[in-house]
Number of protein chains: 2
Amino acid sequence: MSAKSDPGRSLALLWGSHTRPGRSGLTVRAIVDAAIELADAEGLDAATMRRVADKIGVGTMSLYTHVPGKAELNDLMVDTALGELYTGVDDPAGHGGWREGLRYVAERNWDVCLRHLWLLDATGGRPTLGPNAVLKYEAELRVLDGIGLTDLQMDSVLTLVLTHVEGVARSHAGLARAQRDSGLTEQDWWRATAPVLERVMTGHDFPVAGRVGEASSQVYQASADPAHAFAFGLDVILDGVQRLLD
Amino acid sequence: MSAKSDPGRSLALLWGSHTRPGRSGLTVRAIVDAAIELADAEGLDAATMRRVADKIGVGTMSLYTHVPGKAELNDLMVDTALGELYTGVDDPAGHGGWREGLRYVAERNWDVCLRHLWLLDATGGRPTLGPNAVLKYEAELRVLDGIGLTDLQMDSVLTLVLTHVEGVARSHAGLARAQRDSGLTEQDWWRATAPVLERVMTGHDFPVAGRVGEASSQVYQASADPAHAFAFGLDVILDGVQRLLD
DNA sequence: GCCTGTACCGTACGGTGTACGCCAACGGAA
DNA sequence: TTCCGTTGGCGTACACCGTACGGTACAGGC
């Protein structure tokens with residue numbers, strides 16, 4: 001996403017004030033907010049330059065006076081969304097021990113991914129390194145500071161937890177988008193797919209997959225349950241980190 | 001991705017033979033292979049209908065005789081790539097205990113993600129459920145069969161490991177794409193970014209992030225190292241699963 | 001040899017990001 | 001006050017995307 005942008009230019013924009021208005025009152029902040037509103041409502045694909053400009057009531061090309069291009073706008077959207085994570089007094093490091101702290105970190109990240117289903121579509125490639133991203137890194141690392149891990153281990157453990165959250169959140173976002181685009185709920189889709197799948201699979205033999213798949217699909221009424229995957233995986237990972245500390 | 005496709009139509013196509021040729025020798029298999037070659041070489045974005053058709057030497061719209069649309073072509077690409085995972089005699093369940101088996105599963109998935117960097121871009125949304133996907137599910141579940149887990153736990157553990165692999169592989173693929181698009185290696189980019197970041201961060205105070213970030217970036221010569229994240233995370237997760245078994 | 005179904009494909013439409021160039025409004029100098 | 005250089009705003013145009021639609025020409029049944 002933030003691929004073809006000059007690092008210096010992009011960083012300066014990210015760390016800038018975003019509020020200095022032009023002749024018609026147009027600001028970077030307004031552009032980013034409009035783009036986020038569109039993406040929240042209809043997905044990242046809906047946040048096109050034309051639609052963002054229309055929403056503000058401004059010509060498409062006027063956006064380019066304040067923002068170098070689409071890639072940088074995406075970076076700004078991401079850093080703005082990350083700003084919602086630990087605003088105010090909710091310091092993750094103040095939530096008991098490392099285990100409760102890590103769980104809190106995971107849950108806040110999970111929340112923000114659900115609130116902005118486009119977030120994970122907009123990341124990838126080099127990290128953005130805006131002010132809120134750095135603030136987040138600092139706040140989350142403090143949870144693991146001084147509990148007996150090396151600096152590299154702190155970074156690795158945090159990365160592991162965040163990778164897990166991102167993975168299940170991406171799964172959840174994918175299913176939500178599929179539901180919105182197709183109009184079929186997860187249960188509808190599974191009820192429509194399961195019989196066809198069963199018919200097409202006759203003749204082949206999948207003993208374990210058949211048994212396990214049936215068991216889990218009966219519980220979830222779907223092919224997967226990201227919320228359960230989030231909780232289960234987090235417990236296992238925290239247990240693994242516990243063993244690392246011993 | 002496989003959003004707007006009729007499940008029945010898509011499943012029938014996935015489980016079909018793919019080799020029945022038309023008048024000009026055009027087959028589904030040839031279309032899918034050409035698309036995969038393009039995606040391997042230049043990323044998923046390069047696998048457009050026009051370029052796939054050009055590569056085969058056929059009119060763009062001729063593809064639509066054999067494939068309903070782009071979404072279904074993506075599904076076919078994914079299932080074909082998954083077919084490379086456990087071809088032949090490499091049964092993951094035959095690699096010692098559950099721990100070695102799970103590690104083998106993770107490594108094979110990691111390998112295929114590196115070989116086809118577009119794979120994770122093409123998934124998401126409802127699962128594809130082609131023959132190779134089901135075969136993969138069966139082979140991977142057998143690793144966890146009969147070691148004392150419930151059916152649901154088997155599914156959850158497998159999902160956890162695969163989510164981890166997908167997460168770090170996605171990170172790796174993102175960095176690789178950024179490198180290809182920008183022409184800058186990870187080291188180049190970090191050397192260009194770090195000083196700007198340091199300058200722009202002066203005035204703010206990030207004690208832990210500064211210390212840890214500097215430590216890990218000096219080791220990785222970058223902002224992240226997916227290969228290390230893969231190995232570290234896998235060990236922690238396997239330890240957590242071990243505790244689950246106790 | 002003829003007819004019909006269908007594989008193939010040329011054209012066109014509505015969408016995307018953005019390069020380019022024009023116009024008007026503003027700030028400062030004379 | 002007048003003038004002019006700078007700059008914010010934006011209309012047009014281009015190259016690309018997926019694909020709906022309709023025309024053409026070939027293969028197989030009679």
Side-chain angles (χ1 to χ4, degrees), chain A residues 1-6 9-10 13 16-32 34-35 38-39 42-77 118 121-122 125 181, chain B residues 1-6 9-10 13 16 18-32 34-35 38-39 42-77 118 121-122 181:
Chain A
M1 305 301 175
S2 64
K4 62 185 63 158
S5 62
D6 168 40
R9 179 97 176 77
S10 191
L13 187 63
S17 75
H18 305 171
T19 55
R20 200 165 52 84
R23 266 210 306 277
S24 65
L26 193 55
T27 61
V28 174
R29 164 82 43 228
I31 295 173
V32 174
L38 277 169
E42 303 178 48
L44 189 60
D45 289 347
T48 67
M49 299 304 264
R50 288 188 228 282
R51 290 199 61 186
V52 169
D54 282 354
K55 192 175 180 65
I56 313 183
V58 104
T60 307
M61 293 312 292
S62 304
L63 303 183
Y64 287 87
T65 308
H66 302 266
V67 163
K70 187 77 193 300
E72 288 81 359
L73 177 54
N74 270 354
D75 287 348
L76 286 163
M77 291 170 67
W118 48 269
D121 295 333
D181 292 349
Chain B
M1 305 302 174
S2 64
K4 63 185 62 159
S5 62
D6 169 39
R9 178 97 177 77
S10 191
L13 187 65
H18 306 169
T19 54
R20 199 165 52 83
R23 264 211 306 276
S24 66
L26 193 55
T27 61
V28 173
R29 163 85 40 231
I31 294 173
V32 174
L38 277 169
E42 303 178 50
L44 189 60
D45 290 347
T48 67
M49 299 302 266
R50 288 188 227 285
R51 290 198 61 186
V52 169
D54 283 354
K55 191 175 180 67
I56 312 182
V58 104
T60 306
M61 294 311 292
S62 304
L63 303 182
Y64 287 87
T65 307
H66 303 264
V67 162
K70 188 77 191 299
E72 288 81 0
L73 177 53
N74 269 354
D75 288 348
L76 285 164
M77 291 170 66
W118 48 270
D121 296 333
D181 292 349

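Everything numeric here is computed off the predicted structure, so don't read it as measured data. So that the names make sense, note that chain A is the first sequence line, chain B the second, and so on, each numbered from 1. The analysis underlying the following values was restricted to heavy atoms, covering all of them including side chains, and did not include hydrogens, waters or symmetry mates.
Remark: Lys55(A) NZ to Leu38(A) CG distance equals 5.0 Å, nearest 0.5 Å. Within the model, atoms CG of Asp54(A) and CZ of Arg51(A) stand 8.5 Å from one another, a figure rounded to the nearest 0.5 Å.
If you take NE2 of His66(A) and P of dG8(D), they are 7 Å apart, rounded to a whole angstrom. Taking atom CG of Leu44(A) as the reference point, atom C1' of dG17(C) lies 14 Å away to the nearest angstrom. Spacing between atom CD of Glu72(A) and atom P of dG17(C) amounts to 13 Å, rounded to whole angstrom units. Here the C1' atom of nucleotide dA20(D) and the CG atom of Leu63(B) are 15 Å apart, to the nearest Å. Taking atom OH on Tyr64(B) and atom P on dC17(D), their separation rounds to 11 Å, with Å as the unit. The distance between atom NZ of Lys70(B) and atom C1' of dC17(D), rounded to the nearest whole Å, is 9 Å.
In terms of modelled atom types and a separation under 3.5 Å, the side chain of His18(B) and the main chain of Leu13(B) share a donor-acceptor contact.
A close approach under 4.0 Å does not occur between any side-chain nitrogen or oxygen of Thr60(B) and OP1 or OP2 of dC9(C).
When side chains are defined from C-beta on, Leu44(B) counts as touching Asn74(B), because their heavy atoms get closer than 4.5 Å.
When distances run from any side-chain atom of Thr65(A) to the nucleotides dT11(C), dG9(D), dG18(D), the shortest one goes to dG9(D). Comparing dT11(C), dT12(D), dG18(D) by their nearest atom to the side chain of Met61(A) picks out dT12(D).
Checked against side chain to side chain contact (heavy atoms under 4.5 Å, CB included), Arg50(B) has the following partners two or more places apart in sequence or in another chain: Thr48(B), Thr60(B). Applying the side chain to side chain contact (heavy atoms under 4.5 Å, CB included) test to Ser62(B) and every residue at least two apart in sequence or in another chain returns Leu26(B), Val58(B).
A heavy atom lying under 4.0 Å from DNA chain D marks the following residues of residues 45-56 of chain B, by number: Thr48(B), Met49(B), Arg50(B).
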